[in-house]
Amino acid sequence: MGSTGSGRFSDYSGSGGGKSDTGTGGGGASGEDRCDRAFACVLEEVEQCDYFAANQDVPPTNTILTLELRGRLMAIDPNGLSVGALPTRLNYLADCLNAGFTYNGRVIASTSGSVASVNVDFGPRQP
């Protein structure tokens, strides 16, 4: 009838409580390692990043990007320029990077219209 749990955020899957050594969140029973999943996202703060400042444009389709933790999770181009920040819903990836995972991505769509936008597909590489 009632729910069980401690009343803490760690009761929820992916909340960061009870992490394993591979960076997965605690809770849930799926046994799936979130670090080992590919994902797509729209980058944030594109116009405030190094790439846009240097080029006054967004990277073209098929540009290869990697992930780095630079205070925030950032997509980085081959020249080391930040392209955009990952959405905060993907912050769990910081634990994955610390566990040795790396992520390579490819720009699948980009526009520098009234608001610059960069869509990226990322895939993991296990440690």
Side-chain angles (χ1 to χ4, degrees):
M1 291 263 178
S3 63
T4 61
S6 66
R8 296 185 184 110
F9 285 114
S10 61
D11 293 337
Y12 297 96
S13 178
S15 67
K19 290 181 182 152
S20 74
D21 60 349
T22 59
T24 58
S30 70
E32 182 178 356
D33 185 353
R34 296 191 309 170
C35 293
D36 204 24
R37 282 192 278 181
F39 63 95
C41 67
V42 177
L43 299 178
E44 299 177 348
E45 301 177 12
V46 171
E47 293 170 346
Q48 287 79 43
C49 289
D50 300 335
Y51 187 95
F52 195 86
N55 299 289
Q56 294 302 301
D57 202 358
V58 293
T61 302
N62 292 321
T63 300
I64 300 299
L65 303 176
T66 58
L67 280 188
E68 287 184 18
L69 187 57
R70 295 185 175 181
R72 187 163 175 196
L73 287 168
M74 303 295 290
I76 308 299
D77 84 341
N79 298 314
L81 298 175
S82 60
V83 174
L86 268 65
T88 57
R89 68 180 170 79
L90 298 171
N91 278 353
Y92 69 89
L93 291 167
D95 288 334
C96 300
L97 290 173
N98 289 334
F101 280 83
T102 58
Y103 295 86
N104 293 326
R106 182 177 301 272
V107 174
I108 56 171
S110 62
T111 182
S112 59
S114 59
V115 176
S117 176
V118 178
N119 296 19
V120 185
D121 277 343
F122 281 100
R125 297 184 75 185
Q126 292 185 350

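In this text the structure is predicted, and so the values were computed from the model without any measurement.
Side-chain contact between P59 and D77 is absent, with no heavy atoms from C-beta onward closer than 4.5 Å. The shortest side-chain heavy-atom distance between F39 and L93 falls under the 4.5 Å cut-off. At a threshold of 4.5 Å between non-hydrogen side-chain atoms, the residues V83 and C49 do not count as touching. Looking at heavy atoms from C-beta onward, S82 lies out of side-chain contact with Y51 at the 4.5 angstrom threshold.
Considering CZ of R37 and CZ of F122, their distance stands at 16.0 Å, rounded to 0.5 Å. Between R125 atom CZ and F101 atom CZ the span is 12.0 Å, to the nearest 0.5 Å. Atoms CD and CG, from E47 and D57 in turn, are 11.0 Å apart once rounded to the nearest 0.5 Å.
Pairing each heavy atom of A99 with each of P127, the nearest pair is O-CG, 3.5 Å. Residues C35 and Y103 approach most closely at O-OH, 2.6 Å, considering heavy atoms. For P87 against V42, the heavy-atom pair with the smallest separation is CG-O, 3.7 Å. Heavy atoms only, all atoms of each residue included: N119 and S117 are closest at OD1-OG, 3.6 Å. Of all non-hydrogen atoms in T61 and A109, the two that sit nearest each other are OG1-CA, 4.3 Å. When all heavy atoms are compared, the tightest approach of D121 to A40 is OD1-CB, 3.0 Å.
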Could you list the donor-acceptor pairs under 3.5 angstrom formed between side-chain atoms of residues 64-76 and any protein atom two or more places apart in sequence or on another chain?
from : atom 1 : to  : atom 2 : distance (Å)
E68  : OE1    : R70 : NE     : 2.9
E68  : OE1    : R70 : NH2    : 3.2
R70  : NH1    : G80 : O      : 3.3
R70  : NH2    : G80 : O      : 3.1
R72  : NH1    : E45 : OE2    : 2.8
R72  : NH2    : E44 : OE1    : 2.4
R72  : NH2    : L86 : O      : 3.1

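Judged by distance alone, with hydrogens and angles left aside, the side-chain atoms of N79 form no donor-acceptor pair with the main-chain N or O of L81 at under 3.5 Å.
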